[in-house]
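Residue numbers begin at 1 in each chain, while the letters A, B, ... track the order of the sequences.
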Protein chains: 2
Amino acid sequence: MKSQESEQTMVEEQPKHQYSAYYQIPIDKFFQFAMSVDNVILGYHENSLKLLAVERGTEPYLGMMALPGDLVYPNEEVDVAARRVLKDLTGLTDVYTSQTKTYGKVDRHPVGRVVTVGFYSLVNVDRYRPLASSWADNVSWIDVNGHVDLAFDHNVIVADALAMLREKVRHQPIGFELLPKKFTLGEMQSLYEAVLGERYDKANFRKRIISMGFLKDLKELQQDVPHRPGRLFSFDEEKYQHLKSKGFSFGL
Amino acid sequence: MKSQESEQTMVEEQPKHQYSAYYQIPIDKFFQFAMSVDNVILGYHENSLKLLAVERGTEPYLGMMALPGDLVYPNEEVDVAARRVLKDLTGLTDVYTSQTKTYGKVDRHPVGRVVTVGFYSLVNVDRYRPLASSWADNVSWIDVNGHVDLAFDHNVIVADALAMLREKVRHQPIGFELLPKKFTLGEMQSLYEAVLGERYDKANFRKRIISMGFLKDLKELQQDVPHRPGRLFSFDEEKYQHLKSKGFSFGL
DNA sequence: ACAAAAGTGTTATCGCTACACCCATGT
DNA sequence: ACATGGGTGTAGCGATAACACTTTTGT
């Protein structure tokens, strides 16, 4: 118990917590991890859900598609790193982002022990403009239902993110993050059908959503559509918060 | 672009991904993180949900209660570290465990940059025996509804874990992890009421659960209770999987 | 006129809530 | 006898699923 060397000063005093890793190797040996973030950036376009993938320009996995991600700076918060990646890729900052899972397999990254934290972001594709920088042409939207093979363990990260999104989208009104500010009920229905992979009855869907009471009828109509124009609605965040505080809970 | 020194060989070839942190500081500077795990170990006892807390024997926060947790070894998987902590504390290995969130604030740990991954575990308190080791007397069950102040950011970790548990317990039959193998419907109802903080009508709760069809009636009765003994049931995992594959989904 | 999607009303059924009531056991 | 929780039946209300139908626009 007192046979320790000087490098392990932090641990000397504590005979009790023998289960701690501190007692078995010097503490500075633990500070050898790198952290990264990987972001599943999702957009809704042409009736399907897409994610942004980047073609890798470095080994390992050179040439493969991968999630946009990066190492976390030693003095940077993990969440901030995720937003940095998003901003560098899309120029967007005020975007709904949610942490998913953390992937800590020892051999998941060839360069060393890199633990990565997954995120997903919901962007409105109307607002997204590929940044005019040198890497812009390596970025593309791919359909989440297509069968693209991504580098590292990114396929798993995407699958987990989608599962968590689907779970959340049923219980919280976050679907609107993927729609333009003004949308028709039809567009909203299509979005939910694309995300959840289910079909809904039009009449019933409308009644359900309208009766929830957090949509604002903008008294405007769609323009230039080759069919009867739909009424435009917007999500009324304030109203939703008010309803929520009164015990209402979104559910689909 | 070619002004780099030898230590940075990994980065030389890539003019394209300028957004990457790789380009701004040498790569080995990123490998300075430590990882830890913190486990919210939950048990159901005396009609309320409790968690295991450990009194800290080291600075920082010496003497405060904290979540059981530890640093992750450089060659250890994160999930394995979480199970190690659990086993060292309770002796249990086959326990339902779920990752929650990852906490990456720069200053969250005084010793250095330690990013921690949260977990919760659901243990059946009947199976838990405090291990007869020197630190056993520093461990105690505390009520999750009490107002205990934990070290580090552990209050937040607990709050997040409970929120995620409550969400999950509604949609997946994991409540049984907190019950003995054989239980009455009354016990089950009390458990759900404790976890979710809601009250249910006895008759309706029973009908709902029974009709789901994944409980096995053991045709046994409670013993030595000061009231009419209840029928004992067990969760039939096999039956549940079968129902699930047929489209059934648990919901409460 | 037609296609395509918006938008509305009706009905029948299923599920759930509320509530009342009886049963078995230990003290 | 009483307290305590186990256990069951029913009536009525409300949500919603299924489907048919009408409306408005562009081509």
Could you tell me whether B:Asp217 and B:Arg231 make a salt bridge, using a distance below 4.0 angstrom between a side-chain N and a carboxylate O? yes

Give me the ring orientation class for A:Phe214 and A:Phe176: parallel if the planes are under 30° apart, tilted from 30 to 60°, perpendicular past 60°. perpendicular

Could you note down all residue pairs passing salt bridge (Lys or Arg N to Asp or Glu O under 4.0 Å) where residues 36-48 of chain A supplies at least one of them, sequence neighbours left out? A:Glu46-A:Lys50

Can we say A:Asp94 and A:Arg127 salt-bridge, meaning some charged N sits less than 4.0 Å from an Asp/Glu carboxylate O? yes

Provide, to the nearest angstrom, the distance between the CD atom belonging to A:Glu198 and the C1' atom belonging to D:dA17. 14 Å

Quick one: A:Ile209 CD1 to D:dA17 C1', roughly how many Å, whole number? 15 Å

Can you tell me the distance, in whole Å, between the CD atom of B:Gln223 and the C1' atom of C:dA24? 13 Å

How would you summarise protein contacts on nucleotides 4-13 of chain D per nucleotide, using B for base, S for sugar-phosphate only and - for none, with heavy-atom distances below 4.0 Å? BBBBBBB---

If the condition is side chain to side chain donor-acceptor pair (under 3.5 Å), which residues does B:Glu238 pass it with, not counting sequence neighbours? none

May I have the distance from A:Phe183 (atom CZ) to C:dA6 (atom C1'), rounded to whole angstrom? 16 Å

Under a 4.0 Å threshold between the charged nitrogen and the carboxylate oxygen, would B:Arg166 count as salt-bridged to B:Glu198? no

Atom CD1 of A:Ile210 and atom C1' of C:dA6: how far apart are they, to the nearest Å? 12 Å

